[in-house]
Peer 1: 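Sending over a structure as structure tokens; questions will come in a sec.
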Amino acid sequence: MRRVAITGIGVVAPGGLEAGAFRETLTAGRSAIGPSDELAGLRFRQRAAVEGFDPERHFEPKALLLLDRFAQFGLVAARQAMSDAAIAWTPALRDAAAIVTGSCLGGTLTEDAGYQDLYLHKKPRFNPMTIPRAMENAPASHIAMEFGLRGPAYTVSTACASSAHAIGQAFWMVRSGMAPVAIAGGAEAPFSPGVLKAWEALRVVSPDTCRPFSLNRQGLILGEGSAMVVLEPWETARARGATIYAEVAGFGMTADAHHITAPLAEGAARAMVHAMADAGISAEAVVGNVHSICSSVVCVRAGGRFALDE
Amino acid sequence: MNTTERVIAVINKTQHLEPGVVTADSTFVELNIDSLDGINIVFALENEFDVQIPDEGVRELRDVRGVVEGIERLLAAKGEGPPAA
């Protein structure tokens, strides 16, 4: 089986509108979480919003008719990643390239606007582009069309894990030889009035900020944005002199079969064990170099530290 | 119905429990009510009593008596019913 390298990165995030600016925000330790007037009347006051993103800088007006905000983020991040990877495309490569994106909610802003038209404004008809704008796989389809990539193009939707699962699927495809190159990541833009009220009702959003693993944590913070990576065989990347940001060595995924919102620590631990087995490396080899991602409040409360301990 | 009876009726309805199972002395642990059940109960209580129950209050709920006391405080605050002792 082939080794897999990451050779392109694209980001549209609250902490920066491209990968370099985002990296700077991270390394400087600056938080992109802040208050917003759009949250007036809700029990939580803070969110992580993408500021300064001008759709018309990136897309023709006609193209925007087909693009919800989450798909705009996804397509712009994909453009960055593709430009960064600078692959020498051939027809054969384009025919087999894979695209796997993740999204939990898809085009919720488009849906919400449609329902406001229907229920509030009593309009007799919907925007005809509502379905293609709102579908979770819209970013994957638009990436395929923009770059002429005609291999597998699909979307996984697994709540907070969607993008991680998407990268894992793409990694497996490149490693097995099923795809000679893949673009993978996720996109989300969930700040519609209806979705914000739904999160308020679930009572898991922090009244102040998000601090995973902290003893006095109070919940998660909602954010929007997109990140995409280009994955290709290590040898191909080396041969063409590409910048290799990282190697994806292994991937594991598990389900707790336990509770719809409260994860078990041992479930996360099993996923890590699977990932290490998939990579063929021992736990000792990764101790001290662990990056954990645990996005939900209940996940952090129930899982985080204990899963890593195991 | 008094506040306690109304709270118990809401819990019975949301949890699909037979009358008599939930009493004023029941704890959520005894009733096998987890955090997700709790959020559903709080949602139903907000509708039943037309009050807003704050997140901090929800986290502290452990038993039926605590719920009743909390609801009575919220009702008193909006000028309905006797103030809590």
Side-chain angles (χ1 to χ4, degrees), chain A residues 33 35-36 39-47 104 159-160 193-212 214-222 255-268 294-304 306, chain B residues 3 6-17 21-22 26-80:
Chain A
I33 295 169
S36 166
L39 305 178
L42 293 166
R43 278 198 301 271
F44 50 91
R45 296 275 173 271
Q46 305 225 83
R47 66 176 190 177
C104 177
C160 315
V195 168
L196 291 171
K197 284 303 281 185
W199 276 100
E200 178 189 50
L202 193 56
R203 293 177 187 267
V204 295
V205 181
S206 172
D208 46 33
T209 194
C210 174
R211 40 180 181 280
S214 174
L215 209 54
N216 62 352
R217 60 198 176 272
Q218 295 200 67
L220 57 82
I221 287 288
L222 299 173
D256 293 349
H258 167 63
H259 189 282
I260 194 68
T261 59
L264 294 173
E266 69 194 60
C294 206
S295 52
S296 107
V297 61
V298 274
C299 177
V300 172
R301 275 187 189 147
F306 305 105
Chain B
T3 306
R6 285 169 73 191
V7 166
I8 290 173
V10 165
I11 295 173
N12 283 341
K13 192 169 176 205
T14 55
Q15 295 303 105
H16 301 282
L17 295 170
V21 174
V22 181
S26 301
T27 68
F28 287 173
V29 171
E30 285 165 9
L31 297 171
N32 211 16
I33 289 172
D34 71 10
S35 61
L36 206 59
D37 297 325
I39 290 166
N40 277 323
I41 292 168
V42 165
F43 171 64
L45 288 168
E46 286 185 332
N47 285 333
E48 168 72 18
F49 292 96
D50 190 24
V51 292
Q52 295 285 334
I53 302 174
D55 286 345
E56 309 83 77
V58 172
R59 291 196 191 100
E60 285 154 18
L61 291 179
R62 298 285 179 272
D63 48 38
V64 173
R65 200 173 301 283
V67 174
V68 172
E69 287 168 6
I71 292 287
E72 285 182 337
R73 272 198 302 276
L74 290 169
L75 290 175
K78 68 172 202 162
E80 290 177 20

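So you know, we letter chains A, B, ... as the sequences are listed, proteins then strands, and number each from 1.
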Peer 1: Sequence neighbours excluded, which residues qualify as side chain to side chain donor-acceptor pair (under 3.5 Å) partners of B:Arg6?
Peer 2: B:Glu48
Peer 1: Within a reach of under 6.0 Å around CG of B:Asn47, are more than 12 heavy atoms found that belong to other residues, nucleotides or ligands?
Peer 2: yes
Peer 1: Looking only at non-hydrogen atoms, find the nearest pair between B:Val64 and B:Phe28 and report the distance.
Peer 2: N-CE2, 4.3 Å
Peer 1: Only counting residues at least two apart or in another chain, list the ones meeting side chain to side chain donor-acceptor pair (under 3.5 Å) with B:Lys13.
Peer 2: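 Partners of B:Lys13 under the side chain to side chain donor-acceptor pair (under 3.5 Å) test: none.
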Peer 1: Below 4.5 Å from any heavy atom of chain B, which atoms of A:Leu202 appear? Answer side chain, backbone, both or neither.
Peer 2: both
Peer 1: Heavy-atom cut-off 4.5 Å, strictly under: side chain, backbone, both or neither for B:Gln52 against chain A?
Peer 2: side chain
Peer 1: If you count heavy-atom pairs under 4.5 Å with chain A, which of B:Asp55, B:Ile39, B:Asn40, B:Leu36 comes out on top?
Peer 2: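 The answer is B:Asp55.
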